[in-house]
There are 2 protein chains.
Amino acid sequence: MTVADRATVVLEKPSALKAAEALKIGLSRRRVAIIVGDCEVEYRGRASSRLESGERVVLIKDDGALLIHRPSGTEPVNWQSPGCTFKTSLSPDEKLIFEASHGAPPETVAISFNTVRLLAVLGLVDKGAFTLYTSEEDMRKAVFLEPSLVEEGFHPITYEKVVPTGFVDCIGKDRDGNFVVVEFKRERASRKAAEQLARYVETLRKGNPKVRGILVAPSLVSDARALLANLHLGFRRVTPKMCAEVLKAKGGLKRGRIIDYGEEKP
Amino acid sequence: MTVADRATVVLEKPSALKAAEALKIGLSRRRVAIIVGDCEVEYRGRASSRLESGERVVLIKDDGALLIHRPSGTEPVNWQSPGCTFKTSLSPDEKLIFEASHGAPPETVAISFNTVRLLAVLGLVDKGAFTLYTSEEDMRKAVFLEPSLVEEGFHPITYEKVVPTGFVDCIGKDRDGNFVVVEFKRERASRKAAEQLARYVETLRKGNPKVRGILVAPSLVSDARALLANLHLGFRRVTPKMCAEVLKAKGGLKRGRIIDYGEEKP
DNA sequence: GAATTAATGTCGATT
DNA sequence: AATCGACGTTAATTC
């Protein structure tokens with residue numbers, strides 16, 4: 001991408017004609033465009049919809065995706081998946097018309113702008129890698145696949161067992177055959193986490209005084225460290241990264257949990 | 001919302017300080033903000049993620065929602081649901097830092113901007129109603145609930161039956177006990193749709209010459225009308241709206257198929 | 001408020 | 001290409 005291609009076009013309250021021109025040029029160069037303005041939207045495809053006039057943010061991406069966002073809410077009110085063909089035009093009454101069409105299945109989103117408050121056309125470069133680290137759920141999976149993450153010789157028996165005081169993340173046995181209660185925390189564990197583990201261990205020690213407890217987390221706050229020491233409970237440092245690596249190596253990672261985009265899509 | 005509140009702030013390549021000031025004022029007034037720039041993103045919550053530096057579009061909505069979009073793809077790479085608390089600040093090395101936090105469950109998205117190419121703060125007003133009309137699937141449901149949509153005395157027997165030449169949307173019997181093949185089209189039906197129906201009817205007439213065919217759609221192109229007439233096939237006008245009303249009345253409409261937002265959320 | 005279910009789901013992997 | 005399954009799913013509805 002040349003310097004010229006990265007040039008930004010920003011138009012405040014452009015005429016429909018100016019906006020149409022800037023859009024046509026920008027989209028032919030596969031830039032990203034943002035349009036803010038009062039508009040009406042029609043969608044026809046798997047379903048059909050109509051959105052009456054109001055002010056929205058329209059985002060057109062360089063892969064031919066389209067998103068129309070209202071001023072509130074997480075989800076787009078209308079959208080079009082990547083690979084659209086765009087058509088920019090002026091209506092008989094001089095309004096900016098923007099259409100995004102898809103071949104298969106045939107779908108079209110048509111936007112008619114009553115006013116354009118802002119139009120920006122930008123060439124964006126994004127080659128940054130995205131990594132989604134493991135969740136608490138994945139920590140459990142990693143420990144199932146590689147029990148030594150908790151302790152050498154550990155082997156898990158049950159997960160998420162219900163005890164009178166709540167849920168126990170994992171119960172297993174150590175190399176000597178003693179029961180071990182394991183509590184996972186994906187982030188630095190607080191005193192509360194240590195208390196939770198203590199409660200579970202206490203409950204289970206009523207039936208068997210040899211029950212041990214281990215808190216598994218990337219790190220501990222000092223309060224938690226003190227409490228664990230007092231109650232003769234263990235701690236094992238396990239980071240999300242370590243879990244991710246285990247899951248990757250042992251194939252327990254089903255899909256999408258670790259995502260790595262090193263390159264832009266072609 | 002007063003005229004002053006609707007004033008647009010658009011800054012190209014602002015300094016981090018200028019951007020921070022504009023954002024603070026804008027977000028305190030619950031405006032919508034768009035930031036385009038090179039940034040890094042960290043998320044911590046149910047899972048955690050890290051996004052290395054690259055250029056993205058950040059959209060902050062007036063209900064406290066946050067979306068971070070890469071230049072391609074339909075879905076945001078990171079996001080935060082409505083109701084966030086925002087924090088704008090400058091890092092020791094003068095970078096714009098933007099954090100969006102949620103109480104329950106505790107989640108945070110932190111964005112560090114290396115550069116800001118564009119910042120827009122706008123008060124948007126959107127009271128337009130959104131209506132999602134029925135899909136082809138819902139047309140079948142509507143006909144199941146109200147067979148007279150196809151013809152007085154019609155009663156459906158099977159849906160999506162496999163015949164040698166493809167799928168038949170619906171097969172039923174008319175008031176005289178003759179078989180009727182029904183083809184649905186959610187939009188103005190093309191000649192192709194009529195040919196499809198003709199093919200199905202032809203197949204079935206080999207076993208029973210009295211088989212009839214009816215194309216159900218909101219309207220017909222003239223080619224299709226001619227073809228249907230030639231082959232003695234029927235047409236019945238049924239609009240998505242009619243189906244939606246049947247589904248609504250008869251309770252076949254599960255949820256969200258007709259959505260009507262008449263007002264902005266409080 | 002928790003649990004359930006649909007979605008123009010989207011996205012990635014597998015057959 | 002079609003199908004399957006997970007998702008920081010989200011969002012609407014029912015219990």
Side-chain angles (χ1 to χ4, degrees), chain A residues 41-51 61 63 65-70 72-84 100-110 130-139 141 186-187 240 247-248 251-261 265, chain B residues 41-51 61 63 65-70 72-84 100-102 104-110 130-138 141 167 186-187 240 247 251-261 265:
Chain A
V41 184
E42 283 211 30
Y43 155 71
R44 295 189 150 272
R46 284 162 288 186
S48 34
S49 71
R50 180 163 171 78
L51 177 59
K61 295 203 181 184
D63 61 350
L66 171 79
L67 299 160
I68 303 172
H69 276 277
R70 308 190 88 170
S72 59
T74 312
E75 296 290 302
V77 60
N78 283 110
W79 70 94
Q80 199 69 292
S81 14
C84 279
S101 302
H102 234 252
E107 309 210 58
T108 304
V109 169
F130 177 70
T131 316
L132 180 59
Y133 294 108
T134 179
S135 62
E136 211 161 287
E137 168 68 20
D138 284 339
M139 276 183 102
K141 284 184 196 159
R186 198 178 30 68
E187 293 190 78
L247 291 172
K248 202 172 180 178
L253 198 61
K254 290 286 157 47
R255 71 182 55 82
R257 302 311 296 254
I258 294 292
I259 305 159
D260 242 302
Y261 301 107
K265 286 178 188 171
Chain B
V41 185
E42 283 212 30
Y43 157 71
R44 295 190 149 272
R46 282 162 290 185
S48 34
S49 73
R50 182 167 167 75
L51 177 60
K61 295 204 181 182
D63 61 350
L66 170 79
L67 298 161
I68 304 173
H69 276 277
R70 306 190 89 170
S72 59
T74 312
E75 294 291 300
V77 61
N78 282 109
W79 71 94
Q80 199 70 290
S81 18
C84 279
S101 302
H102 233 254
E107 310 209 61
T108 304
V109 170
F130 177 70
T131 316
L132 180 60
Y133 296 106
T134 181
S135 63
E136 207 161 293
E137 168 67 20
D138 285 340
K141 282 184 197 161
F167 273 86
R186 200 179 27 65
E187 295 190 63
L247 291 171
L253 197 62
K254 289 287 158 44
R255 73 178 55 79
R257 303 311 296 253
I258 295 293
I259 302 160
D260 241 301
Y261 301 108
K265 285 180 188 172

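Residue numbers begin at 1 in each chain, while the letters A, B, ... track the order of the sequences. What you see is a predicted model, and the numbers here were worked out from it, not measured in a lab.
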Checklist entry - Of V77(A) and P82(A), whose closest DNA chain C nucleotide lies nearer the 5' terminus? => result V77(A)

Next on the checklist: If I pick the P atom on dC11(C) and the same atom on dA11(D), what distance separates them, to the nearest angstrom?
Outcome noted: 16 Å

Checklist entry - Within this structure, what is the CG-to-P distance between L67(A) and dC11(C), rounded to whole angstrom? => result 9 Å

Checklist entry - When rounded to the nearest 0.5 angstrom, what is the spacing between OG1 in T74(B) and CD in Q80(A)? => result 9.5 Å

Checklist entry - Do the side-chain N or O atoms of W79(A) get closer than 4.0 angstrom to the phosphate oxygens (OP1, OP2) of dT10(C)? => result yes

Checklist entry - Is Q80(A) touching bases, backbone alone, or none of the nucleic acid, heavy atoms closer than 4.0 Å? => result nothing

Checklist entry - Can you tell me how far P of dG9(C) sits from CG of N78(A), to the nearest Å? => result 13 Å

Next on the checklist: Tell me whether the side-chain N or O atoms of E75(B) pair up with the base of dG9(C) as donor and acceptor below 3.5 Å, since no angle test is needed here.
Outcome noted: no

Item to check | Integer angstrom distance from the P of dT8(C) to that of dT4(C) | outcome: 22 Å

Checklist entry - Using a cut-off of less than 4.0 Å, is there contact between a side-chain N or O of R46(A) and OP1 or OP2 of dG9(C)? => result yes

Item to check | Same-atom distance (C1') from dT10(D) to dA6(D), integer angstrom | outcome: 14 Å

Item to check | Of S49(B) and T74(A), the one whose closest DNA chain D nucleotide lies more 5' | outcome: S49(B)

Checklist entry - What is the distance from CG of D63(A) to P of dT10(C), rounded to the nearest Å? => result 13 Å

